[in-house]
> 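Dropping the structure in here first, questions after.
Quick caveat: nothing in here was measured; it's all calculated off a predicted structure. As a basis for the values below, the full set of heavy atoms in this structure was taken, side chains included, without hydrogen atoms, waters or symmetry mates.
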Amino acid sequence: MSAQTVCKTVRQYNQEPILPEDIEKLTEIAKDYCRVKNYVYARYGGIGSLSKLYPGYTVQNEMTRSGLRGELGLPSVYFNLAVFDALGDIKAQWTRTKSKLTKLIGKNENFSPEEKHYLRFLLKTANAFDAVLNQKAFDLPTEIVKKQEELAAWVDTEKLHRYVCRQVRKYHVKLHADKATGFSATERAYRYGDHGIYISTKQNRKRIFVGLTDHNSYRNQIYIRLYPEENRLEIRVAVDVAVRTHTDYTKRVGLALGMFCMLTTHEGNRYGERLGEYQNGYAEWMREQMRSYSRNRKDNPGRKKYLARKQRLTEQLHSYINHELNVFLQKEKPRIVYIPRLPAMQAGKGDGGINNSVALWQRGYIRERLLLKCREQSVEVTEVFGSGIGRTCSRCGAQGKKKDVFFLCESCGYRVEEKTNTAQNALKRGSQEVEEKDTQR
């Protein structure tokens, strides 16, 4: 992907309800796709298969020879994608395991700096990590061997190897797909035409036609998400969209993110003022559903209605967030946006109802969508130091107080809406960082 494009997911939907016999054929593909992935998870998700994961063709060849595809009768266009999908998931899981170990090593005060250095060396060196877990000797380039031998003279390598094995056994998880919700398809498995899409089935030279709500066609790998209970599907396509440039986008804008009002600018302009209404309604409904489920757990017939309602509420909330972000960009026309770096959420503190609302706060989604939409419009987003940004007076720099929704500075008498003060500080800190960089140059 070039620097002048940004990748985004496009969704397509069926125009009319899909025939039951057709949705059954697609569901059968999804189930077989899921079986292949689970087979790969079980066979290659452990420590014994680490050496086969990169680049992955060893796994593909072994899976081809296994006879599983013929047993399921699954076309190769689906079978091979299922194998590589599962391989990608396994690699991601190993990355998460290594990240967890890296954090544990950094926090462990019982390790000396040399021991930590050696452990990080093991995590970063693929064949060394594989060999330690499988209790084998490993070969390294000559220059690395010398450094490793020097380091080994200062540490008990056997003890550290046992530590790595113990932590991997504790934190590494073998993946398993419980539900067959959909499948991926390459261009050979589908064809756009007649205002719809023709999808290959398990029957030779037989395709299912699904009319779509739009007339767009793509030549990328797609993902087909099935909803059998509703006789519908959703097609997700990753496409590269050209980045737009705007000569009239010239402003520097400081932003403050909030739970009740989504965005407040340094000029006091507010966007997403109904976010709190959506959030509170969603949080209250979730709490009521949790209480109801706990009371009637034994007699509860299922969760289909709950999950369907939850999805509708989430989609409504996300639609509102995206609309307000579009309005923000169109009205403010920013060249650079400054936002405070948000702290991690703290668990186990404060009121339970408030904590529940905070847990449902879509701040991660808002930030993700803001970054994407700014990239699409060639708008630079800069995160500034966020510590104390809401308690500092943007006019004189003294520490102030919050009262209701206002910020009050006893030093200079400045009184302004709290989020506006935060946004002004974001702009101020961002501008200072730019000036410091220019001075250093």
Side-chain angles (χ1 to χ4, degrees), residues 6 8 243-244 246 248-283 313-345 354 357-395 402 404-407 414-434:
V6 60
K8 63 185 299 184
V243 172
R244 300 176 184 175
H246 305 272
D248 57 336
Y249 278 33
T250 57
K251 291 176 61 177
R252 294 174 179 261
V253 179
L255 277 186
L257 276 64
M259 284 181 59
F260 302 102
C261 179
M262 186 172 72
L263 299 178
T264 303
T265 72
H266 68 279
E267 295 177 338
N269 300 328
R270 297 155 66 90
Y271 300 91
E273 294 185 89
R274 293 183 59 198
L275 180 66
E277 177 185 331
Y278 280 97
Q279 292 271 148
N280 289 337
Y282 186 26
L313 290 174
T314 303
E315 288 176 352
Q316 289 175 2
L317 181 56
H318 287 179
S319 177
Y320 177 72
I321 289 170
N322 283 292
H323 174 266
E324 291 299 306
L325 288 175
N326 290 335
V327 172
F328 159 71
L329 290 171
Q330 291 167 6
K331 287 190 175 181
E332 296 295 330
K333 302 184 184 302
R335 181 172 64 86
I336 303 177
V337 171
Y338 299 104
I339 58 174
R341 190 176 294 110
L342 296 174
M345 290 186 178
I354 295 175
S357 298
V358 172
L360 294 174
W361 180 23
Q362 302 285 315
R363 70 173 189 172
Y365 181 79
I366 294 170
R367 184 181 180 280
E368 173 191 330
R369 299 303 297 172
L370 175 63
L371 292 175
L372 178 63
K373 289 181 179 295
C374 284
R375 281 190 62 195
E376 291 175 358
Q377 308 299 329
S378 300
V379 177
E380 180 183 344
V381 178
T382 302
E383 285 189 321
V384 300
F385 184 59
S387 179
I389 197 166
R391 299 186 298 273
T392 305
C393 177
S394 58
R395 178 171 290 177
K402 298 178 184 178
D404 297 327
V405 296
F406 289 94
F407 171 85
Y414 188 50
R415 181 178 184 273
V416 70
E417 199 270 331
E418 174 197 343
K419 290 298 179 183
T420 303
N421 180 69
T422 300
Q424 289 171 349
N425 276 324
L427 176 63
K428 189 175 181 181
R429 293 184 181 185
S431 300
Q432 287 174 349
E433 289 179 4
V434 172

> Which pair of heavy atoms, one from Pro340 and one from Gly386, lies closest together, and at what distance?
CB-CA, 4.3 Å
> List in chain and number order the residues that pass side-chain hydrogen bond (donor to acceptor under 3.5 Å, both in side chains) with Tyr320, two or more places apart in sequence or in another chain; answer none if no residue qualifies.
none
> Are any of the side-chain heavy atoms of Asn421 and Phe406 separated by less than 4.5 Å?
no
> Under the 3.5 angstrom rule, does the side chain of Lys419 hit a backbone N or O of Leu257 as a donor-acceptor pair?
yes
> Atom CG of Leu325 and atom NZ of Lys373: how far apart are they, to the nearest 0.5 Å?
6.5 Å
> Is there side-chain contact between Glu324 and Leu263, with heavy atoms separated by less than 4.5 Å?
no
> With side chains defined as the heavy atoms from C-beta onward, is the minimum distance between Gln432 and Val384 less than 4.5 Å?
no
> If you round to the nearest 0.5 Å, how far is OH of Tyr282 from CG of Leu275?
13.0 Å
> Are any non-hydrogen side-chain atoms of Val379 and Val337 less than 4.5 angstrom apart?
yes
> Please report the C-alpha distance between Phe260 and Asn280 in whole Å, then the side-chain angles of each, then the deciding distance to 0.1 Å, and finally whether the side chain to side chain contact (heavy atoms under 4.5 Å, CB included) criterion is met.
CA-CA 9 Å; Phe260 302 102; Asn280 289 337; 4.0 Å; yes
> Give a yes or no on whether the backbone of Leu329 and the side-chain of Tyr249 come within a donor-acceptor separation of less than 3.5 Å.
yes
> Could you check if a side-chain atom of Arg252 sits within less than 4.5 angstrom of a side-chain atom of Arg335, using non-hydrogen atoms only?
yes
> With no hydrogens and no angle check, is any side-chain donor or acceptor of Lys428 less than 3.5 Å from a backbone partner on Ser394?
yes
> Does the side chain of Gln424 come within less than 4.5 Å of Tyr414's, by heavy atoms?
yes
> Quick one: CD on Gln316 to CD1 on Ile321, what's the gap to the nearest 0.5 Å?
12.0 Å
> Working to the nearest 0.5 angstrom, can you tell me the gap between Met262 CE and Gln279 CD?
10.5 Å
> side-chain contact (heavy atoms from CB on, under 4.5 Å) with Leu371: which residues, sequence neighbours excluded?
Arg367, Val381
> Given His246, which partner from the list Lys333, Gln377, Gln330 fulfils the side-chain hydrogen bond (donor to acceptor under 3.5 Å, both in side chains) test?
Gln377
> For Arg369, is the CZ atom crowded, meaning more than 12 foreign heavy atoms sit under 6.0 Å from it?
yes
> Working to the nearest 0.5 Å, report the span between CG of Asn322 and CG of Leu370.
10.5 Å
> Just verifying a value: how many Å separate Arg395 CZ and Arg415 CZ, rounded to the nearest 0.5 Å?
13.0 Å
> Give a yes or no answer on whether the side chain of Thr264 reaches the backbone of Arg270 with a donor-acceptor pair at less than 3.5 Å.
no
> By side-chain contact (heavy atoms from CB on, under 4.5 Å), which residues pair with Thr265, not counting sequence neighbours?
Val253, Leu255, Glu267, Asn269, Tyr271, Phe328, Glu332
> Between Tyr338 and Arg429, is any pair of side-chain heavy atoms under 4.5 Å apart?
no
> Do Ser319 side-chain atoms and Glu315 backbone N/O form a donor-acceptor pair below 3.5 Å?
no
